[in-house]
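Every chain is numbered from 1 and lettered A, B, ... according to where its sequence line falls, protein lines coming before strand lines.
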Amino acid sequence: MQKVSSQQAIDTNIQAKKWWEREAEVQQDHEKGKNKWKALEHHGVTFFPAYQPHGGKPMDLTPEQEEICNWWAQIVDQDFSKKPLVRKNFEKSFIELFDQYLSDYKEIRKNRSTQEKKKEIEEKQKQDLIYKYCLIDGELEKISNIIVEPPGIFRGRGEHPLAGKLKSRIMPEHVTVNVGPEDPIPACPLGGHSWKRIISNPEATWLCHFKDERLEKSNNGKYVQLAADSRIKGENDRKKYEKARRLKKNIDSIKRNYQEKMRSQDVVDQQLGVCTYLIDKLALRVGNEKGEDEADTVGCCSLKVKNIQIEENNQITLDFLGKDSIRYLNTVEVEAKVHQNLKSFVQGKNPDDELFDRINASKLNDYLKEMMDDLSAKVFRTYNASVTLQNQFQEKDNKISEIDTIEKKVQFYEECNREVARLCNHQKEANKNHDEQLLKMKQVQTEKQEKVTQLEQELAKLKKGKSSNDPKLPKTVDLCLTALEKARAQLELQEMRVKKKDENKNLALGTSKINYMDPRISISWCKQKEVPIEKIFQPTLMNKFTWAMNIEPDYEF
DNA sequence: CGCCAAACTTAGGAGCTTGCCA
DNA sequence: TGGCAAGCTCCTAAGTTTGGCG
């Protein structure tokens, strides 16, 4: 891998290969069929360093610590030790014995000089450099993750049956490596060890695969994948949005199709129709069935009777835990036929029974493919998110004007973004100091308001030829007007900040920006409104979406 | 078909750095 | 000049989709 010699050489190479400007070649690539590459060269994956015993020397338990460990060992198989309260109390006392070391360690790390920290990072980057890039058909490409996951405690979300189980240390013997048939097999970075298997699968884009054998069935392992700004990921991303645009083009006939479907005499068809209606209208996930060893969450097809309330006036309330055990709670009006069908699906069932008992995700996707080539349920989320953003820009356009500041325009963008996040139910945990912080900001707002009022009063006085004696206040009408204008602008900014703070309390805007909204909508809007794109996209997104940067200002999704 | 594995995208939170204000 | 919120990247869990197999 000659090209991986220095960071500068890499940057130059990466800059040089703009795949989106070489569409002809990209077209040719399709002739390769299912194959994603002919040559693939890389250095494999690195490993989490072996555990460093505390302070580099073996840590003997103090007699006190050892004795306490023994106490627990004596009762560990008794019912007593299974009681949550017992475990909680014991754990607390136990951890107190050890956490002094950890907090000391943390403190030492924190107190290193800025220079020292910087040097450490630079050295790490230098070490990682050869692992960070691969060669795909001769082109240098960035890799996203180059180290296997460290051993530790599994942190499942929500009520996960496996939460707290141990994740074992991944060794080269757990790793399968995918390289080109003519390319060198990467050297195993751990002496005395060797890779589990070397394969050459050009239909896959992953470089390494590793699996913790200890975790159960639903764990299908992890991959070393290309970075988001690589050609292959970029092409896939663009294809995703093009497919969503195709859905937009066909949406009328698709709507007619599922409307007809839910009017069928066949319950299977009714369920397919209603499910598609809900996925289209509410941007729900498809909802695959889940295993015993996974958290109990649902999506559209796996909704249970207890997750829906059929209300008056064609309203329904959906209340369920979705992906990541995030709660979805929404009361909406649906079409009369949908309401009627849902009522019949609920009829005679128990709360834990499936609402759509005759279908599943796979059948639903089969149905979607009858209507549009390549259509699957997730495309509706991409389509809905992108259309929502575009519509928000249009509907709210009168809220901003050319003379507005960049900050105000950016706030406007966020307002539109929030509607998308709401649609997709992208929630986050509120900052634990949120209320306190908001109060402080509101106080600042009040002060700014008072300042404006004060200046307004002073202006009135000055116009009558009078003046206050306060030396802080302007002495002429002109000066006062300038000051007032400034104060009003400051007040408006603060009001926007307060609003943003409160509205973003439980909403995560990042997810839709990264995964759902066609970046070309945002970029063309920025061009129209003369907002620098960096104000909307952080550096990683600027890189991820470079393929979309040359879009015209009048792009329509 | 139903079931399962493989391969990929989507997700929230941890934890770091940055930048602002008192 | 240090305290703290905001911004951002990293991490890895948790989804979806497809296709092969009995």
Side-chain angles (χ1 to χ4, degrees), chain A residues 34 36 48 106 109-110 114 117-118 121 144-150 152 154-158 160 162-163 167 176 178 199 201 203-206 209 211-212 215 217-228 232-233 236-237 239-240 279 285-291 294-295 297-302 321-326 360-366 368-369 374-382 385 421 424-434 436-438 440-441 444 497 500-501 504 506-516 535 537-544:
Chain A
K34 282 184 173 182
K36 312 279 176 36
F48 202 74
K106 233 177 169 175
R109 298 275 305 165
K110 206 181 98 187
T114 321
K117 285 181 193 166
K118 210 171 158 186
I121 290 171
S144 71
N145 53 324
I146 59 155
I147 186 165
V148 298
E149 288 174 16
F154 176 72
R155 301 181 63 123
R157 317 240 170 96
H160 199 296
L162 303 186
K167 290 175 58 165
T176 302
N178 191 19
I199 66 158
N201 177 6
E203 290 181 18
T205 61
W206 56 266
H209 174 259
K211 192 167 168 176
D212 177 1
L215 275 156
K217 13 179 181 160
S218 56
N219 158 43
N220 71 13
K222 300 289 176 72
Y223 296 88
V224 172
Q225 291 264 15
L226 296 168
I232 287 179
K233 293 285 183 198
N236 286 347
D237 210 33
K239 274 184 211 154
K240 174 182 79 183
I279 285 171
R285 295 186 188 84
V286 69
N288 286 285
E289 30 298 51
K290 300 196 68 186
E294 294 173 281
T297 61
V298 298
C300 193
C301 292
S302 50
L321 295 183
K323 181 175 179 179
D324 293 299
S325 296
I326 297 291
N360 58 32
S362 161
K363 282 181 186 155
L364 188 101
N365 278 331
D366 287 347
L368 296 181
K369 281 188 184 49
D374 290 341
L375 185 60
S376 68
K378 80 195 271 283
V379 184
F380 282 88
R381 268 168 84 80
T382 314
C424 297
N425 200 37
H426 290 143
Q427 296 189 40
K428 71 170 197 298
E429 201 57 48
N431 179 334
K432 68 176 188 299
N433 301 323
H434 174 87
E436 198 184 308
Q437 288 166 4
L438 190 68
K440 255 190 213 165
M441 289 174 75
V444 173
R497 286 179 189 143
K500 167 186 161 161
K501 174 95 182 168
N504 284 358
N506 295 108
L507 279 181
L509 304 191
T511 308
S512 48
K513 209 188 269 190
I514 296 165
N515 300 299
Y516 285 108
K535 299 283 176 192
F537 290 153
Q538 66 265 40
T540 43
L541 285 190
M542 292 294 287
N543 289 332
K544 173 172 177 168

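- Of the candidates C:dA6, C:dC8, C:dT12, the closest approach to any side-chain atom of A:Pro539 belongs to C:dC8.
- Residues A:Asn236 and A:Ile232 meet the side-chain proximity criterion, which asks for heavy atoms closer than 4.5 Å.
- Listed pair A:Tyr223 / B:dT9 fails the phosphate criterion, with no side-chain N or O lying under 4.0 Å from OP1 or OP2.
- Candidate nucleotides B:dT10, B:dG12, B:dT17 were compared by shortest atom distance to the side chain of A:Thr511, and B:dG12 ranks first.
- A:Lys513 contributes atom NZ, which lies 7.0 Å from atom CZ of A:Phe537 (distance to the nearest 0.5 angstrom).
- Checking the phosphate oxygens (OP1, OP2) of C:dT9, a side-chain nitrogen or oxygen of A:Gln538 falls inside 4.0 Å.
- When each of A:Ile232 and A:Ala508 is assigned the nucleotide of DNA chain B with its nearest heavy atom, A:Ile232 is the one assigned upstream, toward the 5' end.
- Along DNA chain B, the nucleotide nearest A:Ala204 and the nucleotide nearest A:Cys424 are compared for position; the residue whose nucleotide lies closer to the 5' end is A:Ala204.
- Among residues two or more places apart in sequence or in another chain, the ring-ring contact (aromatic ring centres under 6.0 Å, His included) test is passed with A:Tyr223 by A:Trp206, A:His209.
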List, with names and distances, any nitrogen or oxygen atoms from the protein found under 3.5 Å away from nitrogen or oxygen atoms belonging to nucleotides 14-22 of chain C.
residue, atom, partner, partner atom, Å
C:dA14, OP1, A:Arg157, N, 2.7
C:dA14, OP2, A:His160, NE2, 3.3
C:dG15, OP1, A:Thr297, OG1, 3.0
C:dG15, OP1, A:Asp324, N, 3.1
C:dG15, OP2, A:Lys290, NZ, 2.4
C:dT16, OP1, A:Val286, N, 3.3
C:dT16, OP1, A:Gly287, N, 2.8
C:dT16, OP2, A:Asn288, N, 3.1
C:dT16, OP2, A:Asn288, ND2, 2.7
C:dT16, O5', A:Asn288, ND2, 3.4
C:dT17, OP1, A:Ser376, OG, 2.8
C:dT17, OP1, A:Ala377, N, 3.0
C:dT17, OP1, A:Lys378, N, 2.5
C:dT17, OP2, A:Asn365, ND2, 2.8
C:dT18, OP2, A:Lys369, NZ, 3.0

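- Proximity of A:Leu368 to A:Ile279: side-chain heavy atoms (C-beta onward) are nowhere separated by under 4.5 Å.
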Atom pairs, protein N/O to nucleotides 1-5 of chain C N/O, distance under 3.5 Å:
residue, atom, partner, partner atom, Å
C:dA5, O5', A:Gln437, NE2, 3.1

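- A donor-acceptor contact under 3.5 angstrom links the side chains of A:Thr297 and A:Lys290, judged on distance only.
- Remark: P of C:dT9 and CE of A:Met542 are 12 Å apart, rounded to the nearest angstrom.
- For the OP1/OP2 pair of B:dA11 and a distance below 4.0 Å, the side-chain nitrogens and oxygens of A:His426 include at least one atom meeting the criterion.
- The side-chain heavy atoms of A:Lys233 and A:Ser144, taken from C-beta on, include no pair separated by under 4.5 Å.
- Side-chain proximity of A:Thr205 to B:dC8, B:dA11, C:dA13: nearest is B:dC8.
- Counting heavy atoms from C-beta on, the side chains of A:Val286 and A:Lys378 never come closer than 4.5 Å.
- Using a cutoff of 4.0 Å between basic side-chain nitrogens and carboxylate oxygens, A:Asp324 and A:Arg157 are scored as salt-bridged.
- Atom NZ of A:Lys369 is surrounded by more than 12 heavy atoms from other residues, nucleotides or ligands within 6.0 Å.
- Out of B:dT10, C:dA13, B:dG2, the shortest distance to the side chain of A:Lys363 is found at B:dG2.
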